[in-house]
Each structure stands twice: as structure tokens, then as C-alpha cells.
Amino acid sequence: MPWTTLILLAIAEFMVILDVTVVNVALPSIGRSLHFGGGALQWVVTAYVLFTGGLMLFGGRLADLAGRRRVFLAGLAVFTAASLGSGLAWSPAALIVTRALQGAGAAMLLPSALSILTTTYAGPQRAKALAIWGALGSAGAAAGVLFGGILTQTLGWESVFFINVPVGVVLAAAALHLIPAAAPAHGQRERLDVQGALTLMGGLVSLILAIEGTSSHGWGSAYTLGFAALAAALIARFARVERAVRRPLIAPATWRNRPLVSSAAVMLTATGILVGAFFLNSIYLQRVMGASPIETGLAFLPLTLVILAGAHAAQSLLPRLGSRWTVVAGMLVAASGASLLAAAPAEPSYFANLLPGFLLLGLGIGATFVAVSVAAMADVDHESAGLASGLMTTAHELGAAVGVAVLAAIASAATQGGAVADVVSGYDTGFLVAGNVAAAVALVAALALPSVRPEPGMAHGMH
């Protein structure tokens, strides 16, 4: 098969992944322009990754039932239109809503694109295509921090959203010619678990609102407790719905697979620490250190690139240490990096106070991502591999949402005002908690994860 289809799908994936990090650098500019108050600014990131992760399994199921190309085009249309809306946003609420719609579009776009890839290519071509697909995920995150800085400083924060519009239009036109229309995989009569998807999303949004509310309303307030109770009720309702429907989003047997569930929990936490670090450092670099958006993007580059180095190191460590101890080592290294960042002084130096923490954090998280992906598949048969991968991807995206919400709430609670000293205090507290959580996850991994030792080279391309 020609590689033109892969190029199209890869550009779509790159655009979606890039949108996770490209916005981080623009956050201070967005906050000033739209007058975000309190801890609401974190929702610019949280809304996107929350809806992407919360609807990912539903989007994959929709692609099976309604047709891969149809769902790919629908997701691309929603994502592109929401990008335009984000760039035109006139208020915090408008931007948060359009970011949520971007996430919903991404939740249709990513699983349908991956499904098209795996059905278009076979044999060695498929292996190479999947390796490129995996590599672009990391490349998108790395490019996002640099593009975000350049676009924000030269064209304004709106441009980080507007750039998606012409790309989306070109991709849609190309997809109509390059991707053949195919019959749905399972026929049209099977019902989608819409109730389950909506109930899960409602529960997750309520949970994030409860966490976010702790900084301004307190842990024991009616606001926080009310949303926490609503989240618990909706998630319990989701569990009942999943037991009752014929084709649930997540098969009940999945939850009995201890290696998979434990790995998903580690993936969620590791991603939360990483994306939360992007959020906190975006504010810190620009408000405390006075960095420009471009300087902020360049400051993040070592962190994003060293994640790739950590992933490469894990491929060498796995045959010797096994998945369990590679994850433990990775999370302890990440904990060390977070602890260094927590010790940043009121008048920091990038090279002395931030860069060492960035390097350790990136190395540890990069190694963890690869090793935990190997551990997750330990007891998964070939027929369930797609579901397991979907669950891990969902954990990755939801981890980003929860991580930003938790670290932003902790940092905001530690900040009593808007002065630089207050921002430093919140930053230090946020990373102190992140370091402790990473160390706790290392302990859990030592007790719960399987020790899988793949043959040298077998872990290549896993993320």
C-alpha cells in the first residue's frame, strides 16, 4: 500500500497530540486576555484532555459501528470547528466549552485513525506504520511547546488554535480521496452505549469540579462535597449501566485483570505528574522568571526530548530488570526530579534550579511509559489487545486531566495572593506533592505489577 494514507493519518494524530502541550505555553497570555479568575485557567487544558480521554473508548466503538472513515471525518470536522471557536473565544466559559468540543472531536479522530491504519497496512508495512504512529505521539508533545511559544509571541495566543483550521480542511479533503468508505465492522444494528458514555463523562467532570473547588471553597464546603457526591453517584451509575448493557464500553472481565488495571493506574498517575508539571512550569517560567512565550517553549524542550531518552533507556533495561523494577526505578527517578523542582528558590536559575529537575522527571516518566505498557499486556490475549490498548490510552488522557486539576488545586490553595512569592510557594507545594505521589506509585508498582522480561528489541515502539 502507498504511504500517502499514513501521512494523512500521522498529520491528524500530530495535530491532536500537539494540542495538549501547545496551549500550555500560551496559558499566561490567555489568562490575561480573557481575565480568567481563580483556578479556572487549568480548565483550558483539563477540558481538552478530559473529554478526549473520557470519550476515547466510545469513539473507538462508534468507529466500529458507523464506519471508520465516517467517524474520522466527523471527528476532524468537530475538532476543526472547535479550534476555530477556541481562537474566537470571547470569555473563559466560551474557551472552556470549545476546548471540550475539541476533545470530543479528538476522541473520535484518534481511535478511528488508528483503526484505519491497522486495516490499511499489513505485515512489515503495518509494523513500520505503527512505529511511526507511536513516535509521532512524543514528537507532537515536543513540538507543541516550541510551536506554542513561537505562535503566541509572534501572532498571539489565538493562533495556537487557528493553525488547526487550514490543516483540518486540507486533511478532510485528502481523506475523502485517500480513505475508502468501508462497511461498519459489526453491522449497524448493534446499539452504542451512549448512556454509559454520558454517565461516565458526567462523573469525571463532577470529580474535576470537586477537586478544582477545593482551592477556592475548601474541602468541607457544600460546593466541594456536593460535586464529590454527584461524581460518586454518577460513577456508581456508570458501573450499573455497564453491567446491564449488551456491549459495555469496558468488558467486566477487564477489571479482573490485575496487571492491566494496575498498569492503567500507574499510567494515569505518571501522565498526571508530567502534564501537571507542564502546567505549573508554564505559569512559573513566565510569571516568576519573566520568560517570554518563546523562551518558555525552549525551556521545555529538554524535558520533552529527555522523555524519548528515558523511553530508549527502558528498552535496554526491560530485558534485565523486567517491567516491574523498571517502572519502580522510573517513578523513583521522577520523584527525585519533582523534589528538585519543589526546592526552587524565590529567585531561581533555570540551569541550576529547573533543568536538573526537568531532566530527571523526563527520564523517569519516559522509562515508566514504556515499561508499564509492557506490564499491561502481560495477561492480555490477542482478541483483547485492542481493548487493553484503549484502556491504557484512556488512562493516559484522563491522567492528564486529573493531574492538572490536582496540582493546580494544590498550588492554588498554597497561594494566598498574586505576588511572585505566592506563585513560588504554590509551585513548590505542588511539586512536593507530585514527588511524594511518584514515590508512593513506585511502592505500589513493586507490589502489584508483573515482572515481564521481553526479548531485547521487543519493547521497541511501545508507549
Side-chain angles (χ1 to χ4, degrees), residues 127-128 130-139 141-142 257-275 277 301-341 355-380 385 388-389 391-393 395-396 399 434-463:
K128 181 178 289 188
L130 288 172
I132 293 172
W133 176 272
L136 280 174
S138 299
N257 186 330
R258 179 180 167 185
L260 177 58
V261 173
S262 300
S263 298
V266 173
M267 176 66 81
L268 186 148
T269 309
T271 307
I273 292 171
L274 178 64
V275 179
L301 268 184
L303 171 58
T304 53
L305 294 176
V306 83
I307 292 172
L308 299 177
H312 181 75
Q315 293 167 19
S316 300
L317 290 173
L318 277 165
R320 301 187 185 94
L321 298 181
S323 55
R324 177 192 301 155
W325 298 112
T326 302
V327 169
V328 170
M331 291 308 294
L332 288 177
V333 170
S336 301
S339 299
L340 286 178
L341 293 172
L355 184 59
F358 281 2
L359 296 178
L360 289 174
L361 187 67
L363 279 171
I365 296 296
T368 297
F369 280 164
V370 173
V372 81
S373 297
V374 172
M377 308 306 287
D379 291 337
V380 175
S389 298
L391 182 62
M392 291 295 287
T393 303
H396 184 278
N436 289 332
V437 169
V441 170
L443 176 61
V444 172
L447 298 173
L449 287 186
S451 188
V452 182
R453 296 175 186 266
E455 295 295 324
M458 290 297 290
H460 181 72
M462 292 184 178
H463 296 276

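Since the structure is predicted, the reported quantities are computational estimates derived from the model, not experimental observations.
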Extract all donor-acceptor atom pairs below 3.5 Å that involve side chains of residues 264-271 and protein atoms in other chains or at least two apart in sequence.
residue	atom	partner	partner atom	Å
T269	OG1	A265	O	2.9
T271	OG1	M267	O	2.8

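- Note: F358 CZ to L305 CG = 12.5 Å, rounded to the nearest 0.5 Å.
- To the nearest 0.5 angstrom, M331 atom CE is 12.0 Å from L443 atom CG.
- Remark: A446 engages W325, V328 in a side chain to side chain contact (heavy atoms under 4.5 Å, CB included) (not counting sequence neighbours).
- Scanning all heavy atoms of the two residues, the minimum distance from L361 to A338 falls at CD1-N, 4.5 Å.
- Annotation: the span from H312 atom NE2 to L363 atom CG amounts to 12.0 Å, rounded to 0.5 Å.
- Residues S263 and P259 share a closest heavy-atom pair of OG-O, 2.7 Å.
- For S339, there are no side chain to side chain contact (heavy atoms under 4.5 Å, CB included) partners two or more places apart in sequence or in a different chain.
- With sequence neighbours left out, the side chain to side chain contact (heavy atoms under 4.5 Å, CB included) criterion links L360 to V333, S336, L340.
- Considering all non-hydrogen atoms of both residues, A335 and G435 come closest at CB-O, 3.4 Å.
- Listed here is the closest heavy atom pair of A371 and T326: CB-CG2, 3.6 Å.
- Across all non-hydrogen atoms, the minimal contact from L359 to V306 is O-CG1, 3.7 Å.
- Side-chain contact between L274 and I307 is present, with at least one heavy-atom pair separated by less than 4.5 Å.
- Smallest separation of non-hydrogen atoms from P302 and L355: CB-CD1, 3.7 Å.
- Considering only heavy atoms from C-beta on, V372 stays 4.5 Å or farther from S323 through its side chain.
- Qualifying side chain to side chain contact (heavy atoms under 4.5 Å, CB included) partners for A440, counting only residues two or more places apart in sequence or in other chains: none.
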